[in-house]
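The shown structure was predicted, so the numbers you read here are calculated from the model rather than taken from an experiment.
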Amino acid sequence: MKHPDRNQCYEYLKEKNTPQHVVGHCKSVAAVAYILGRALNEAGGTKAVPFGEIKFKKTKFTQSGREHYMQDPSCKAVGTAYRDFDLELVLASGLLHDIARKEERHWDVGADFCKNLNLPEEENIIRIHMQYEFTNDEQNLTEADLVCLGDRLSIEDRYVGLDKRMDYIIDKAIRHGHPEAAPVIMRKKEVTRQLLNGIEKRIGCSIDELMNDIDYENIEGTCNDNR
């Protein structure tokens, strides 16, 4: 399946009148996700089946009652051999994930925009990105995991790492009158930390080292020599 390239994604962002500061954030998420995927491809890729074959379902956490998306365990999500991540899908989904952020339920609006463009894989990633629960297996990550990790490691237009991002989210929740969200955010932080530790073991360096000196405008044409 052909995915839109960077320039085409910019045209879509322009068409939806996505604010420039949001475009900057989309570039950061795409860059972080792409670099993670490229490093993991160099380390062998993933055992997840091709993304188009993976199904997601909503589930509720007992304590909070909040709904989240996760891989549907009733369908086969693990292949018999490793494959490379589809970096074109990662790039396009990262660049478009917040295309409708200024609108209510922006994840659904953005997903519907991609649906109308006949981009079903981008649609799926964008629809779930606000409520996604990562797999706990760094050998079985999907393109959705990479984009959501990129989102969880960025503040606006820059990679900042997990600690700064989670502190930012907690502060934002408190400012908006939702201090009860802090324990949920801390739980997500711990799950994400464990996953990042597994990724770092696979790629042989820290995520911070991997993300040093990101060229947010040209990640497709550069490689990182800091590992």
Worksheet entry | Pairing residues for Cys148 by the side chain to side chain contact (heavy atoms under 4.5 Å, CB included) criterion, not counting sequence neighbours | His129, Tyr132, Phe134
Worksheet entry | Non-neighbouring partners of Glu123 that pass salt bridge (Lys or Arg N to Asp or Glu O under 4.0 Å), sequence neighbours left out | Arg127
Worksheet item: Which value, rounded to the nearest 0.5 Å, describes the distance between Thr18 atom OG1 and Gln20 atom CD?
Response: 9.0 Å
Practice prompt. Return the minimal non-hydrogen interatomic distance between Arg105 and Asp108, and the atom names on each side.
Written response: NH2-OD2, 2.7 Å
Practice prompt. Could you tell me which residues satisfy side chain to side chain contact (heavy atoms under 4.5 Å, CB included) with Asp208, sequence neighbours excluded, listed by chain and number?
Written response: Tyr159, Ser206
Worksheet item: What are the two closest heavy atoms between Asp86 and Arg83, and how far apart are they?
Response: N-NH1, 4.1 Å
Item to complete: With rounding to the nearest 0.5 Å, note down the distance linking CG in Leu91 to NE2 in His3.
Response: 10.5 Å
Worksheet item: Quick one: are Pro4 and Glu122 in side-chain contact, heavy atoms under 4.5 Å?
Response: yes
Worksheet item: Got a sec, which residues hit side chain to side chain contact (heavy atoms under 4.5 Å, CB included) with Arg101, two or more places apart in sequence or on another chain?
Response: His21, Val22, His25, Asp98, His106, Glu156
Practice prompt. Side-chain contact test, heavy atoms from C-beta onward, threshold under 4.5 Å: evaluate it for Arg193 versus Asp163 and give yes or no.
Written response: yes
Item to complete: Apply side-chain contact (heavy atoms from CB on, under 4.5 Å) to Lys189 and Leu162, showing your working.
Response: CA-CA 7 Å; Lys189 178 180 178 180; Leu162 184 62; 4.0 Å; yes
Show me the donor-acceptor pairs, under 3.5 Å and distance only, between side chains in residues 167-182 and residues at least two apart or in other chains.
residue : atom : partner : partner atom : Å
His178  : ND1  : Glu180  : OE2          : 3.2

Worksheet item: Do Arg165 and Leu153 pass the side-chain contact (heavy atoms from CB on, under 4.5 Å) test, and can you show the C-alpha distance, the side-chain angles, and the key distance before you say yes or no?
Response: CA-CA 6 Å; Arg165 169 65 174 178; Leu153 297 173; 5.9 Å; no
Worksheet item: Leu149 versus Ile207: any side-chain heavy-atom pair under 4.5 Å?
Response: no
Worksheet item: Do Leu141 and Phe85 have side-chain heavy atoms sitting under 4.5 Å apart?
Response: yes
Practice prompt. Using a 4.5 Å cut-off on heavy atoms from C-beta on, say whether the side chain of His97 contacts that of Ile125.
Written response: no
Worksheet entry | Separation of Cys205 SG from Met211 CE (nearest 0.5 Å) | 8.5 Å
Worksheet item: Any idea which heavy atoms bring Val109 and Ala100 closest together, and the distance?
Response: CG1-CB, 3.6 Å
Worksheet item: For Glu220, does its backbone N or O pair with a side-chain atom of Arg6 as donor and acceptor, under 3.5 Å?
Response: no
Discussion item. Would Asp157 and Tyr216 count as a side-chain contact (heavy atoms from CB on, under 4.5 Å) here? Give the steps.
Written reply: CA-CA 9 Å; Asp157 63 350; Tyr216 295 94; over 6 Å; no
Discussion item. Minimum heavy-atom separation for Leu96 and Cys114, please, with both atom names.
Written reply: CD1-SG, 4.1 Å
Discussion item. Using the side-chain hydrogen bond (donor to acceptor under 3.5 Å, both in side chains) criterion, which residues pair with Gln194? Sequence neighbours excluded.
Written reply: Glu190
Worksheet item: Does Thr46 reach the main-chain N or O of Thr142 with its side chain, forming a donor-acceptor pair under 3.5 Å?
Response: no
Response to the item:
What one should report as the nearest heavy-atom pair of Gly110 and Ile99 is CA-CG2, 3.8 Å
Worksheet item: Excluding sequence neighbours, so at least two apart, what forms side-chain hydrogen bond (donor to acceptor under 3.5 Å, both in side chains) with Arg152?
Response: Thr192
Item to complete: State the OH-CD distance between Tyr34 and Glu143, to the nearest 0.5 angstrom.
Response: 12.5 Å
Item to complete: Using the test side chain to side chain contact (heavy atoms under 4.5 Å, CB included), find all partners of Asp84 that sit at least two apart in sequence or belong to another chain.
Response: Asn41
Discussion item. Is there a side-chain contact between Asn136 and Val191 in this structure, where contact means two heavy atoms from C-beta onward sitting under 4.5 Å apart?
Written reply: no
Item to complete: Any pair with a residue in residues 14-37 that passes salt bridge (charged side-chain N to carboxylate O under 4.0 Å, His left out), sequence neighbours left out, goes on the list, sorted by first then second residue, please.
Response: Lys16-Glu103, Lys27-Glu217
Worksheet, complete the sentence: When rounded to the nearest 0.5 Å, the distance separating CD1 of Ile214 from CD1 of Ile219 is 8.5 Å
Fill in: Separation of Asn140 CG from Tyr82 OH (nearest 0.5 Å)
9.0 Å
Discussion item. Suppose we screen for salt bridge (Lys or Arg N to Asp or Glu O under 4.0 Å). Which residues come up paired with Arg202, at least two apart in sequence or across chains?
Written reply: none
Practice prompt. Determine, stepwise, if the pair Asn124 / Ile54 fulfils side-chain contact (heavy atoms from CB on, under 4.5 Å).
Written response: CA-CA 10 Å; Asn124 283 341; Ile54 298 172; over 6 Å; no
Practice prompt. Could you pull out all residues at least two apart from Ser28 that satisfy side-chain hydrogen bond (donor to acceptor under 3.5 Å, both in side chains)?
Written response: Ser154
Fill in: Residue pair Phe113 / Ile126, side-chain heavy-atom distance below 4.5 Å
no
